[in-house]
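The first residue of the sequence shown is numbered 1, and numbering continues consecutively from there.
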Amino acid sequence: MTFTIARFVSLGLSAGASKASSRFFTPASPRCINSIHSLLRPIRTSPRRSYTTTVTAKSFGSAFAFAVVTGGASLVFGALALSRDTASPIPTAEAIIDVVPITQTGSEPTCNLVKALEDLQTEFSDSSVVSTDPNELYAYAQSSYSQFVGTPHTIVVHVRSTEDVVKVVKISKRHLVPIVPYSGGTSLEGNLSAPPSGSICVDLSGLDKILKINESDADVVCQAGVTWNHLNETLKEKGIPLFFPLDPGRDATIGGMISTGCSGTNAVKYGTARGEWILNATVVLPSGEVIKTRQRARKSSAGFDVTKLFIGAEGTLGIVTEATLRLAPLLPTSVAVAQFPDIRHATNAVCDILNHGAALQCVEIVDELTIKVLNQFGTSARNWPEKATLFFKFQGSDDSIQETSRYVESAIAKHGATDYRLASNEQESEDIWQDRRNALFACLAYRPGCKGWITDVCVPVSRLPDLIAAAKQDFEELGLVAPIAGHVGDGNFHALVLYADDAELALVQEAVSRINRKAIELEGTCTGEHGVGTGKRDYLLTELGEGTVALMRTIKQTLDPHNLFNPGKLYPDVLPPSDTDALTEGHAISDSTPTNES
C-alpha cells in the first residue's frame with residue numbers, strides 16, 4: 001500500500017511533531033558517520049545524486065513530514081523516506097509552490113519564496129544552476145558526519161563565482177528569503193539545516209579553484225570550495241615544499257574551515273584557524289556588498305582584525321568566497337607510540353613534555369577501549385596493548401627527531417609509560433599514524449547497526465583527566481559504550497557515543513549534555529573545533545556570559561538586520577527574564593541551563 005503526498009498533507013503532521021522522528025531518516029550521503037563502509041577513509045562525493053522517493057506502508061513508521069511555514073500556508077515535503085528500490089518520485093518543489101501560495105499578511109515585509117524562485121530562474125538561465133529537486137533540497141541540508149538531520153531547503157543554487165553569490169544575496173534580500181551556505185558538507189553541529197520559513201541554499205562546492213600560489217611568500221589564494229587535502233596534494237604534486245597545516249578532517253573545505261574556526265591534529269604545533277593562517281578573506285555581506293578583509297601582508301595593525309570577525313561566524317555574518325592562506329614549511333616527520341596506566345598519567349606526561357619545549361607536531365590520546373576496538377577492526381599490522389595510548393608526531397631533521405624522541409622517552413617514563421616505540425622509517429610512521437586515523441571507523445564498526453554521536457569539548461590540558469574521568473563515569477552510569485580519543489596537546493576531547501535505538505539516544509543526549517556542562521565548569525568550552533550550529537547554542541550563555549552573547553547579537557543585527565544569513569545557528573535563543581536573572585556576570589553554572597537537543 002502506498003500513501004500519497006496529499007494523504008500526508010491531510011494527516012496534518014507539523015514541524016514540531018517531526019523533531020522527535022526526524023532521526024529515522026536514512027541520510028542521503030553515503031559518507032554519513034552513521035554509515036559503515038569498507039574504506040579506510042571517506043571519499044568526497046557530491047550530494048547531487050538521484051534517489052527515488054516514495055512513502056510505503058513499510059516505510060511509514062520511519063518517515064516524517066515537516067512544514068515550511070510562511071504566514072498561514074505550509075509547504076509540506078511529505079515523508080522523504082529515501083529508497084533505492086522504489087520508483088514513484090514525490091512532487092517537485094515548483095509544483096508544491098504553485099499549489100501553496102507562500103505569502104504573509106500584515107504590515108511587516110515577508111518572505112516570498114515564489115518570487116525568489118522566479119527571480120533566480122530569470123537571473124540564471126542555465127537550468128543546472130537553480131534546483132528544486134527534492135533529493136538535492138534534502139541532501140544539501142545534511143552533513144556527511146552529523147548526528148543531526150537537517151530540514152530540507154526550498155531552493156538550491158549551485159554558484160560558480162563571487163558574482164553569482166552576490167546575485168543570490170540580492171534576491172534573498174529583495175524577497176527576505178533566508179540563505180544557508182554549503183561547501184563541503186562535513187560539519188557536525190547541524191550547521192546546514194534550513195530554517196522553518198524555507199531557504200535558499202548557496203552551494204559553494206563549485207568554487208574549487210586554487211587561484212594563485214605565491215611560493216616565495218609562502219601563501220596561496222583559493223576559493224571557498226577547495227578542500228585542505230586537495231590543496232596540500234596539489235602543492236606536493238608541484239614540488240612545492242609547503243603545506244597548509246590546519247587539518248580538521250578529509251574533505252573539509254576552506255570556506256567551512258573558516259566558518260567554524262577549525263583546527264585538528266596539528267593544532268598543538270600550528271594552532272587553529274583563529275591564528276594567523278587566514279591572511280584575508282573575500283566576503284559577500286548580507287547587503288550584497290563584497291569586501292576583502294585586509295591585504296596580503298603577514299601582519300597588519302590597520303584597525304580591527306576584520307578577518308577574524310568571520311572566522312567562527314558560521315556564515316551568519318557573511319559568505320566567504322575566497323581566502324588567502326598562509327603556508328608552512330613541509331618538514332620531515334616521524335611517529336612514536338607509548339602506553340600508560342591510565343588517561344591521567346598520559347595527560348600529565350604531555351603537560352610535562354610541552355612545558356619543557358619538546359618539538360611536537362601532534363600528540364593524540366586514545367583510551368583503552370579505542371585500542372581494543374582498533375585491534376578488533378583488523379586493519380592494523382599490530383596488536384596494541386589495551387591501555388591508554390599516546391601517539392606522537394615529531395618534526396624536523398633526523399638528528400632533531402632522534403633528540404626529541406630520546407627526551408620524550410625519558411620524560412614519559414617518569415609517568416609510567418611502557419612499550420615506547422619510535423618508527424624506524426617513513427612507511428612505519430605512516431602505518432602507525434593510519435591506526436590513529438582509523439579509530440573513528442573502527443569505533444563505528446564496533447557495534448554493528450549502531451549510530452554514533454561525536455562529542456567535542458576542550459579544557460585546559462591539566463583539567464583533561466578530570467573531564468575524561470567524569471565522562472567515563474557518566475557513560476558507565478548510563479550504560480553507554482563510548483570510545484574516547486582526542487588532541488591531548490591542546491585539551492580537546494572527543495568521544496564517539498554509540499547507540500542502537502531511541503532509548504539509547506535519549507541516554508546519549510543526557511551524557512553529551514553532562515559533558516558540555518562539565519567542560520564549561522572546568523574553565524573550558526562546549527566546542528573545541530566543531531563549531532556551534534544548532535547543537536551547542538544553548539551552552540553559550542553559560543560559557544560566555546550574557547554580555548558577550550549580547551555583543552555577538554549586536555554585531556549580527558548590524559550586519560544582517562533581517563536575520564537572513566544562516567538563521568537559527570550560533571546565537572542562542574533569548575531566555576525569558578526569570579532565566580536571564582539567574583545568570584551571573586561572565587559565567588553562569590546552573591542546573592537549569594538548557595540542554596542539547598538533536
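For the residue pair Asn516 / Ser513, no side-chain donor-acceptor distance below 3.5 Å is found, with atom types taken as modelled. Side-chain atoms of Ser405 and Tyr420 form a donor-acceptor pair, as typed in the model, at a separation below 3.5 Å. Residues His345 and Asn348 bring no donor and acceptor atom of their side chains to less than 3.5 Å of each other. Neither side chain, Thr186 nor Asp251, offers a donor N or O lying under 3.5 Å from an acceptor on the other.
Taking the six-membered ring where tryptophan is involved, the planes of His356 and Tyr407 are tilted, since the angle between them lies from 30° to 60°.
Evaluation of the salt bridge (charged side-chain N to carboxylate O under 4.0 Å, His left out) rule for Arg514 yields Asp474, Glu477, Glu510 as partners, not counting sequence neighbours. Every residue meeting the side chain to side chain donor-acceptor pair (under 3.5 Å) condition with Lys569, not counting sequence neighbours, appears here in chain and number order: Asn566.
Test Trp277, Trp228, Tyr270 against Phe243 for ring pair (Phe, Tyr, Trp, His ring centres under 6.0 Å) and you get one pass: Tyr270.
Asp490 places no side-chain N or O within 3.5 Å of a backbone atom of Ala267 that could act as its donor or acceptor partner. Without hydrogens or angle criteria, Asn229 side chain to Arg250 main chain gives no donor-acceptor distance under 3.5 Å. Checking side-chain atoms of Ser199 against main-chain N and O of Pro195 turns up no donor-acceptor pair under 3.5 Å. Using modelled atom types, no side-chain atom of His415 and backbone atom of Thr347 make a donor-acceptor pair closer than 3.5 Å. A side-chain donor-acceptor contact under 3.5 Å links Thr548 to the backbone of Leu544. Not a single donor-acceptor pair under 3.5 Å links the side chain of Asn492 to the backbone N or O of His487. The backbone N or O of Thr151 sits less than 3.5 Å from a side-chain atom of Ser193, completing a donor-acceptor pair. Using a distance-only test at 3.5 Å, with no hydrogens or angles considered, no donor-acceptor pair links the side chain of Arg274 to the main chain of Ser263. Formation of a donor-acceptor pair under 3.5 Å by the Lys536 side chain with backbone atoms of Cys526 is found in this model.
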Point to revise | Steps toward side-chain contact (heavy atoms from CB on, under 4.5 Å) verdict (Gln142, Val149) | key: CA-CA 6 Å; Gln142 316 307 319; Val149 177; 3.8 Å; yes

**Study point:** Full working for salt bridge (charged side-chain N to carboxylate O under 4.0 Å, His left out) between Glu521 and Lys518
**Key:** CA-CA 5 Å; Glu521 181 184 327; Lys518 183 66 174 179; 3.7 Å; yes

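Taking a cutoff of 4.0 Å between a charged side-chain nitrogen and a carboxylate oxygen, Glu504 and Lys451 do not qualify as a salt bridge.
By the neighbour-count criterion of 12 heavy atoms within 6.0 Å, atom CD of Glu403 is sparsely surrounded, having that number or fewer from other residues, nucleotides or ligands. Around CD of Glu523, the count of heavy atoms belonging to other residues, nucleotides or ligands within 6.0 Å does not exceed 12. For Glu430, the CD atom sits in a packed shell: over 12 heavy atoms of surrounding residues, nucleotides or ligands are nearer than 6.0 Å. Within a 6.0 Å radius of NZ in Lys308, other residues, nucleotides and ligands contribute more than 12 heavy atoms.
Summarising the geometry, atom CD1 belonging to Ile371 is positioned 8.5 Å from atom CD belonging to Glu386; distances are rounded to the nearest 0.5 Å. Here the CZ atom belonging to Phe244 is positioned 11.5 Å from the OG1 atom belonging to Thr227, to the nearest 0.5 angstrom.
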